[in-house]
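Structure first, commentary second.
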Amino acid sequence: MLDVKFIRDNKDFVKERLAIKNFKEIAIVDEIIKLDDDSKIIKRKIEDAQMQVNANSAQIPALIKEGKKDEADVLREKVIALKSVINNAKPELETLEKLLRDQLLKLPNLPSIKVPAGKTPEDNIIVREGGTKPTLPANAVPHWDLAKKYNLIDFELGNKITGSGFPVYINKGAKLQRSLIQYFLDFNTAAGFIEYQPPLMVNENSAFGTGQLPDKEGQMYFANADNFYLIPTSEVPLTNIYRDEIVKENELPIKMTAYTPCFRREAGSYGKDVRGLNRLHQFDKVEIVQLVHPEKSYDVLEEMVLHVEKLLQSLMLPYRILKLCGGDMGFTSALTYDFEVYSAAQQKWLEVSSVSNFEAYQTNRMKIRFKDINNKTQLVHSLNGSSLALPRIVACLLENNQTENEILLPEVLHNYFGNKTIS
RNA sequence: GGAGGGGUGCAGGAGUGGUUGAACUGGCACGCCUGGAAAGUGUGUAUAGGAGAAAUCCUAUCAAGGGUUCGAAUCCCUUCCCCUCCGCCA
């Protein structure tokens, strides 16, 4: 959520930036300022009246003690009159504040000045590429065929137990998943991230804090009886660990990592884009989250990009890093880098990580703050990234490393997996 | 799920209708003391919004929301959370 004061002081800048994100309802900016003005006027009226209520009430006990009942009664009447002024003004204030908040929530985060203009994924900028695309054997097949051939993943079985998009990992397939999770977590904790195992369901406040609510509830599974949402990413519980907290400056940066399954409804997409592991309703992901000093967030963003890049390099996968254009960015992000790996048999780039700086957009909602050297409280900046999302990594590992009768695993996984190949 | 007891500031913990934003203790910060430290001692130590150049002042906040009252941390209602006992259970 953007700060009203900032919007007031930087009205034109805000409008200009929103346009980069292809935000259409620019008029909301002026509405917000008007609503803020109006609610301030009423608020002052109420506070003035309340001040008099308090002052008059405070005199009553003394008067009663001195036996001046009549005077006390006069004050009593006066306060009752003031109260009705307050009670009449209150609904109006509430209406204005609700409207103001609703409008504020409609504004996405402002894209950083580093964000390129553009509307579609074609406008994203390729920052750099790494690794080399493999030359596959003549009989190479996509990962869903390999999964069947080596009995690693059963998609049909998942259909039976739950529904489409809930695969069952079997035997070496399951162990490959486990190896990757453990490798990723070890890689992250070695870089100073603290490992967490957060809840997989969150309440409304948490879903609101990271920006899933309002408006995006349709993307999450919802446990109706208890009002809990299944997490779409561990970003949600991890970042909310610090909701409503004020930390000391020397506690920053706060670095967290977690492995969790992620649940996404993603209604309405079928066909070859979602075949196999390409898009699932439940998938595993290891996430990294940082809460940092606002002056450092862009340096930290670059650091996190390098961190994820190293991880991909260690897996020997061909990858590329994209800087997202304004039109392709998420609602809450100020700058986002996407990582894609090349799935050689499908001949497609698959997104496996998205690393973003949210600046103070999330932390303003969650009120995550720190005390600076002048003892002033300021919002921290939040960042997160996947390191990494498992299914598409698995898809690429299988496809890119296939030979006639086995799949070669990258060296970093040998110990975790207990074998150098899948056969 | 049933029965009972609770939720107060950074922490412990007073406070059951009237200057209580909140005693006291501890923690922390700064100062004094010291060669240095400990001990001792003094001061300070919430958040949000508003007014003001500033000092400072005003409003709200004692789990959350609503109510009673001239006045609520204190009384009533609802929700959430914690503890004890019982039930169920990996």
Side-chain angles (χ1 to χ4, degrees), chain A residues 1-9 32-101 103-105 197-209 213 222-229 237 240-252 254 261 360 362-380:
Chain A
M1 192 165 63
L2 297 177
D3 180 43
V4 188
K5 218 179 252 170
F6 180 83
I7 295 174
R8 301 185 76 100
D9 297 343
I32 285 171
I33 293 171
K34 175 78 165 62
L35 286 166
D36 191 43
D37 286 339
D38 292 350
S39 66
K40 268 184 190 157
I41 291 167
I42 296 176
K43 205 169 186 181
R44 254 182 95 174
K45 193 167 124 191
I46 291 174
E47 283 186 2
D48 281 350
Q50 186 65 49
M51 183 177 77
Q52 292 184 56
V53 167
N54 293 345
N56 285 312
S57 295
Q59 292 173 23
I60 290 177
L63 290 173
I64 292 173
K65 229 178 231 171
E66 295 166 26
K68 297 175 179 170
K69 274 233 152 56
D70 295 347
E71 286 180 44
D73 284 338
V74 171
L75 287 182
R76 215 169 272 186
E77 293 301 321
K78 204 167 157 190
V79 169
I80 290 171
L82 284 164
K83 284 282 251 191
S84 78
V85 170
I86 294 172
N87 287 332
N88 287 336
K90 254 187 184 161
E92 198 181 343
L93 179 65
E94 277 162 22
T95 307
L96 285 170
E97 285 185 334
K98 167 116 179 42
L99 277 171
L100 175 60
R101 190 178 156 78
Q103 296 301 66
L104 268 175
L105 289 175
Q197 282 194 16
L200 305 182
M201 294 180 139
V202 295
N203 59 30
E204 213 173 307
N205 277 339
S206 296
F208 172 82
L213 295 179
F222 183 57
N224 195 37
D226 298 284
N227 278 310
F228 294 150
Y229 294 88
N240 272 283
I241 288 171
Y242 283 91
R243 170 152 52 87
D244 292 320
E245 297 288 335
I246 299 174
V247 301
K248 295 191 181 120
E249 184 166 356
N250 62 18
E251 292 176 59
L252 301 175
I254 291 165
Q362 293 182 324
T363 55
N364 189 33
R365 286 182 168 209
M366 282 184 272
K367 301 294 173 235
I368 305 179
R369 293 159 292 175
F370 73 101
K371 275 205 197 281
D372 65 20
I373 23 171
N374 302 316
N375 217 28
K376 269 193 66 179
T377 49
Q378 289 189 53
L379 293 166
V380 304

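It should be emphasised that the depicted structure is a prediction, and the values quoted were computed from it without experimental measurement. The sequence lines fix the lettering, A, B, ..., with proteins before strands; numbering per chain opens at 1. We use all heavy atoms of the structure for the numbers below, so side chains are in, but hydrogens, waters and symmetry mates are not.
Here R8(A) pairs with D36(A), D37(A) under the salt bridge (Lys or Arg N to Asp or Glu O under 4.0 Å) rule; sequence neighbours left out. Applying the ring-ring contact (aromatic ring centres under 6.0 Å, His included) test to Y229(A) and every residue at least two apart in sequence or in another chain returns F222(A). Here D48(A) pairs with nothing under the side-chain hydrogen bond (donor to acceptor under 3.5 Å, both in side chains) rule; sequence neighbours left out. For K98(A), the side-chain hydrogen bond (donor to acceptor under 3.5 Å, both in side chains) partners at least two apart in sequence or on another chain are D102(A). Y242(A) is linked by a ring-ring contact (aromatic ring centres under 6.0 Å, His included) to nothing, counting only residues two or more places apart in sequence or in another chain. For K367(A), the side-chain hydrogen bond (donor to acceptor under 3.5 Å, both in side chains) test picks out N364(A), with sequence neighbours left out.
Rounded to a whole angstrom, the distance from the P atom of U69(B) to that of U16(B) is 23 Å. Here, U8(B) and G4(B) have their P atoms 22 Å apart, quoted to the whole Å. Taking the C1' atoms as reference points, G50(B) lies 39 Å from C32(B), given to the whole Å. Taking the C1' atoms as reference points, U56(B) lies 26 Å from G18(B), given to the whole Å. One P atom belongs to U68(B), the other to U61(B), and the distance between them is 16 Å to the nearest Å. Going from the C1' atom of U74(B) to that of G67(B) covers 15 Å, rounded to whole Å. Comparing the same atom, P, in A63(B) and in G6(B) gives a spacing of 14 Å after rounding to whole Å. A23(B) and C10(B): their P atoms are spaced 13 Å apart (whole Å).
Helical stems involving RNA chain B, defined as 3 or more consecutive Watson-Crick or G-U pairs under 3.5 Å, span B:1-7 with B:80-86, B:10-12 with B:24-26, B:27-32 with B:40-45, B:46-51 with B:56-61, B:63-67 with B:75-79.
Summarising the geometry, the separation between CD1 on I46(A) and C1' on C58(B) is reported as 14 Å, rounded to the nearest angstrom. What separates NZ of K90(A) from C1' of G65(B) is a distance of 13 Å, to the nearest Å. One interatomic measurement links the two molecules: CD1 of I86(A) to C1' of A60(B), which rounds to 12 Å at whole-angstrom precision. E251(A) places its CD atom 14 Å from the P atom of C10(B), with the value rounded to the nearest Å. Counting to the nearest Å, the C1' atom of U45(B) and the CD1 atom of I246(A) are 13 Å from each other. Rounded to whole Å, atom C1' of G66(B) lies 13 Å from atom CG of N87(A). Protein atom CD of E245(A) is 13 Å distant from nucleotide atom P of G9(B), rounded to whole Å. Protein atom CG of D372(A) is 11 Å distant from nucleotide atom P of U47(B), rounded to whole Å.
Applying the salt bridge (Lys or Arg N to Asp or Glu O under 4.0 Å) test to every pair with at least one member in residues 76-89 of chain A, sequence neighbours left out, gives these pairs: D73(A)-R76(A).
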Between the protein and nucleotides 77-83 of chain B, list the N/O to N/O atom pairs that are separated by less than 3.5 angstrom.
none

If you restrict it to nitrogen or oxygen atoms, what contacts under 3.5 Å exist between nucleotides 50-53 of chain B and the protein, and what is each distance?
residue	atom	partner	partner atom	Å
G50(B)	OP1	K40(A)	NZ	3.3

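Taking both residues in full, the closest heavy atoms of Q103(A) and L35(A) are given as CG-CD1, 4.0 Å, listed atom of the first, atom of the second, then distance. A89(A) and I46(A) make their closest contact through CB-CG1, 3.7 Å (heavy atoms, listed as atom of the first residue, atom of the second, distance). Across L379(A) and T363(A), no two heavy atoms sit closer than the pair CD2-O, 3.5 Å.
Put simply, T377(A) has a side-chain N or O that comes within less than 4.0 Å of OP1 or OP2 on A48(B).
Residues from residues 51-75 of chain A with heavy atoms under 4.0 angstrom of RNA chain B, sorted by number: M51(A), N54(A), S57(A), I60(A), P61(A).
Distance check, rounded to the nearest 0.5 Å: CG of L213(A) to CG of N203(A) gives 10.0 Å.
Heavy atoms of other residues, nucleotides or ligands lying less than 6.0 angstrom from CD of E249(A) number more than 12.
Inter-residue side-chain proximity for I241(A) and I254(A) is flagged as unmet; no heavy-atom pair is nearer than 4.5 Å. Counting heavy atoms from C-beta outward, R365(A) and F208(A) have side chains that approach closer than 4.5 Å.
Ranked by how close their nearest RNA chain B nucleotide is to the 5' end, K371(A) and E77(A) are led by K371(A). Both K83(A) and E94(A) sit near RNA chain B, but only E94(A) has its closest nucleotide nearer the 5' end.
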Identify each donor-acceptor pair in which a side-chain atom of residues 53-71 of chain A lies under 3.5 Å from a protein atom, sequence neighbours left out, and give them as a table.
residue	atom	partner	partner atom	Å
N54(A)	OD1	Q50(A)	NE2	3.1
N56(A)	ND2	Q52(A)	O	2.9
S57(A)	OG	V53(A)	O	2.9
E66(A)	OE1	K68(A)	NZ	3.0

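Looking at heavy-atom distances under 4.0 Å, K43(A) makes contact with sugar-phosphate atoms alone, never a base.
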